[in-house]
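I have placed the structure first, in the form of structure tokens, so that the comments after it can refer back to it.
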Amino acid sequence: MGPRMITTTTEGAPMSTKNSAARAALAACLLCLAAFPAFASNTLKGVTHSAAASGRVDITFEFAEPIGAVNAFTTDDPPRIAIDFPETANGLAERRLAVGEGAASAVSVVEAGGRTRAVVDLVRTAGYTTRSEGNRLILTLEAGASADTARGLASADPAKRIDGGLRVAAVDFRRAENGAGRVILRFNEEGAQASLRRDGDRLVVDVENARIPAEHQKRLDVSDFATPVTRLEPAARDGGTQLVVDTEGLFETSAYQTGNEYILEVTPKAVTSAVGQAGSGTQAARYTGKPVTFNFQDVPVRTILQLIAEESGLNVVAADTVTGNLTLRLMNVPWDQALDVVLRAKSLDKRRDGNVVWVAPQVEIAAFEAAREQARINLESKSALVNEIIPINYANAEEIATLLTEGSKSAGGGGSGAEEKGFLSSRGSVSFDTRSNTLLVADNAQKVQAIRELVTVLDRPVDQVLIEARIVIAQESFARDVGARFGVSGPESDVITSGSVESNRNYLNQVRQNQQLQARYLAELADFEAGLTETRPTRPILTAPAFTDVLNTSFASGTQSAMAFTILGNNLDLDIELQALQEEGRGEVVANPRVITANQREAVIKQGDEIGYVTFTGTGAQQTATVQFKEALLELKVTPTITQDNRVFLALGVKKDEVAGFIDVPGGGRVPQITKREVNTSVLINNGQTVVVGGIYEFERQEDLSKVPFLGDVPGLGNFFRSRLRENEKAELLIFVTPRILQVAGARR
């Protein structure tokens, strides 16, 4: 029986026809259309589609003028709906329009003989209705359940009825690695019919044929998971289940159903875009395909793979073991992401070779690759060994041989003979000749070639580094001594001085000498007045003994730090001394060691003296003299490492010692006292940059006050009875380091 012609609105699917008859009838119709003369009074301008919450799909055909009666018929294998528009021209730019909603797969439009035919490809048999609204013809496809599901809904078995055992077993939420929120509705058995729709910032999942127990009707706050999903509200609606998902921000959704689980993923757009731009190799970075929209209920997996192949332009080869159905709702997601979702839902995997993609169960692909690897290992184990001599120019042959064989690492692969010793196969060996710095390799040809390429990379000259250090020791000192002293001379009982007790005793002795000098001077003066011809001697200035030591010390050092004068009287002499001393000193010691070394090689440079000294052991005649030495060195020890960004990491040690003096040892001998300055550190420096790697700052301040009790505290007058000394000393140690990379031709950076 040929295809049944339908000219009125229909409910449900027409009767099936034989495959050969359907194809013959369809071909005959196309030939008949081609035979009629071309005449068209109307034009098909556009085809659009929209999905309803119940799984229905409306396909709208828009014409230039109102459309009259149409002819429609269906075929079951493959499932299709064909509609003829008489006296109508095809004004569409594309011949085929992908739908991917409900039971509809695609719509194909062709014009011949003055007529236009639209063929709707179905993923399964489904009922339909048509209605005209002005210049539009609307074809409504029912949800179209599979035969098993339809029988289950109509069966008297309580487990298969809507009000029977199908119910929500759990409502779960998880956070995916890319920041997406994953909502999981788990049922007690398969057969749930779920649909997804968006209502503002909310996503609504309706499950009409599954009840939700009271214990699962609880609001879940998931805002702490840092996903676009903030809250879940499962509830019972009209004998079924409704799940409201509150969201925030920009996001994309994808939903699929596998077995007894319905999974909804809400992915933030910002995370997907950022990861994709970074190119980090994550899932989001791999998804660059054209966006597609799929909305299927219980569709064969092979049919979905065929639709993805049409959208991507790839050749998809599905293994015979790829079976099963899948409920899928994906809204505006890349086709490669849709492919991954389908494969993950059915435990499948893919391998791509050029423009061909092979899809098979994960276990099957793993077994295939394991068998191929085992075949490769078996082939290598039977191949002939090749002996190769590889000369080494810059590296050390022994170190490279150790690198090639270190660890006896296992390559897996399963089975004997699969173990590889480092970079060698199980039968390979490597030795070295120290005298000629040569490697001797014995292995199969493939391994020998790989080792030769590896040695070419490793055997390169390394760059060198010039390290220059500067050690600066700056010293500064300042001292100031200001004060006044005076003394009064007369009879011994009337002596007053600002000196100490001991100086007063010395002063009294000096007074006696002054009195003797004064008596002699008076005698000479009397002789002169009597008319003697001798020249009058000059009377010496009498210096208070309290000032004698200070004056001698000051003049001996070559400085004018004190000024003294004496006022003479008949019975009383007044001696006054003013003190003012200021000393300043600055010193700087600079050492500049420098050394060149290869990358990651330690270098040491030192200069200095070994100071010998004698120590004695034992007592009396048993004393033994021993000569020992101490080092006072300027030393630079450094290990540089050149980084990939042309900087230098230094493990640095700088030392500068000096002899400060000698210490006398009881029993004889002297031991040198060493002043040590040292820094050990690690630092990362730019090429040619100078940095301070260490520094020590010392500051010493001292103030002394000497005065006569009571008199030194008298305002104004007390300045003649006190002396003030202030000393400041500063010392600073700075260590500068400058590395410079000396690039060697042929060195790999």
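Around the CD atom of Gln217, the shell of radius 6.0 Å holds more than 12 heavy atoms that belong to other residues, nucleotides or ligands. The number of heavy-atom neighbours closer than 6.0 Å to CG of Asn393, taken from other residues, nucleotides and ligands shown, is above 12. At most 12 non-hydrogen atoms from other residues, nucleotides or ligands lie less than 6.0 angstrom from CZ of Arg601. No more than 12 heavy atoms of other residues, nucleotides or ligands lie within 6.0 Å of CZ in Arg95, so this atom counts as exposed by the packing criterion. Atom CG of Asp353 sits in a sparse spot, with 12 or fewer heavy atoms from other residues, nucleotides or ligands closer than 6.0 Å.
Taking every heavy atom of both residues into account, Glu101 and Asn295 meet most closely at OE1-CB, 2.8 Å. When all heavy atoms of Gly179 and Pro228 are compared, the pair lying nearest together is O-CD, 3.7 Å. Smallest separation of non-hydrogen atoms from Val333 and Thr253: CG1-O, 3.6 Å. Annotation for Gly324 and Lys346: closest pair CA-NZ, 4.4 Å, computed over non-hydrogen atoms. Shown here for Leu141 and Ala104, the closest heavy-atom pair between the two residues is CD1-CB, 3.6 Å. For Val119 against Arg80, the heavy-atom pair with the smallest separation is CG1-CD, 3.9 Å.
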side-chain contact (heavy atoms from CB on, under 4.5 Å) assessment of Leu264 paired with Val229: CA-CA 11 Å; Leu264 168 64; Val229 181; over 6 Å; no

Verdict with supporting geometry, Val455 and Val441, side-chain contact (heavy atoms from CB on, under 4.5 Å): CA-CA 11 Å; Val455 170; Val441 181; over 6 Å; no

Criterion side chain to side chain donor-acceptor pair (under 3.5 Å) on Ser254 and Gln337, from CA distance to verdict: CA-CA 10 Å; Ser254 62; Gln337 183 180 6; 4.9 Å; no

CA sep, side-chain torsions, deciding dist, call: Leu185, Val168, side-chain contact (heavy atoms from CB on, under 4.5 Å): CA-CA 7 Å; Leu185 273 177; Val168 177; 4.1 Å; yes

Check against side-chain contact (heavy atoms from CB on, under 4.5 Å), Tyr262 and Val207: CA-CA 10 Å; Tyr262 178 83; Val207 186; over 6 Å; no

Chi angles and distances behind the side chain to side chain donor-acceptor pair (under 3.5 Å) call for Gln362, Asp349: CA-CA 5 Å; Gln362 296 176 354; Asp349 202 352; 5.4 Å; no

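With hydrogens and angles ignored, the 3.5 Å screen pairs no side-chain donor or acceptor of Asp433 with any backbone N or O of Thr438. A donor-acceptor pair under 3.5 Å links the side-chain atoms of Asn444 to the main chain of Lys447, judged by distance alone. A distance-only check finds a donor-acceptor pair linking the side chain of Asp336 to the backbone of Thr288 [under 3.5 Å]. No donor-acceptor pair closer than 3.5 Å links the side chain of Asn260 to the backbone N or O of Asn188. Judged by distance alone, with hydrogens and angles left aside, the side-chain atoms of Asn599 form a donor-acceptor pair with the main-chain N or O of Ile642 at under 3.5 Å. A donor-acceptor pair is defined here as one N or O able to donate and one able to accept, closer than 3.5 Å; no such pair exists between the side chain of Ser682 and the backbone of Ala651. Of the possible donor and acceptor atoms, one in the side chain of Arg352 sits under 3.5 Å from a partner among the backbone N and O of Gly354. Between the Thr230 side chain and the Asp246 main chain, a donor and an acceptor come within less than 3.5 Å of each other. In this structure, Ser105 contributes its side chain and Asp121 its backbone to no donor-acceptor pair below 3.5 Å. Side chain of Glu261 to main chain of Ile184: no donor-acceptor pair is present (N/O by atom type, distance under 3.5 Å, no hydrogens or angles).
A donor and an acceptor atom, one from each side chain of Asp206 and Gln242, are located under 3.5 Å apart.
To the nearest 0.5 Å, the span separating CG on Leu439 from CD1 on Ile392 amounts to 4.0 Å. How far CG of Leu454 is from CZ of Phe423: 5.5 Å, rounded to the nearest 0.5 Å. A distance of 11.5 Å separates CZ in Phe432 from CD1 in Ile400, rounded to the nearest 0.5 Å. From His216, atom NE2 reaches atom CG of Leu243 across 12.5 Å, with rounding to the nearest 0.5 Å. In this structure, Glu310 CD and Leu305 CG are separated by 11.5 Å, a value rounded to the nearest 0.5 Å. From Arg167, atom CZ reaches atom CG of Asn209 across 13.5 Å, with rounding to the nearest 0.5 Å.
Looking only at side-chain heavy atoms (C-beta outward), Leu403 and Leu458 come within less than 4.5 Å of each other. Residues Arg182 and Ile263 are in side-chain contact: their nearest non-hydrogen atoms beyond the backbone lie under 4.5 Å apart. Counting heavy atoms from C-beta on, the side chains of Asp443 and Ser429 never come closer than 4.5 Å. Contact annotation: the side chain of Val120 never approaches that of Tyr128 to less than 4.5 Å [non-hydrogen atoms, C-beta and beyond]. Contact annotation: the side chain of Leu314 approaches that of Trp335 to within less than 4.5 Å [non-hydrogen atoms, C-beta and beyond]. Looking only at side-chain heavy atoms (C-beta outward), Val648 and Thr641 stay at 4.5 Å or farther from each other. With a 4.5 Å cut-off on side-chain heavy atoms, Ile451 and Leu424 count as touching. Contact check for Trp358 versus Ile365: side-chain heavy atoms found under the 4.5 Å cut-off.
Salt-bridge annotation for Asp172 and Arg174: present, with a side-chain N of the basic residue lying under 4.0 Å from a carboxylate O of the acidic one.
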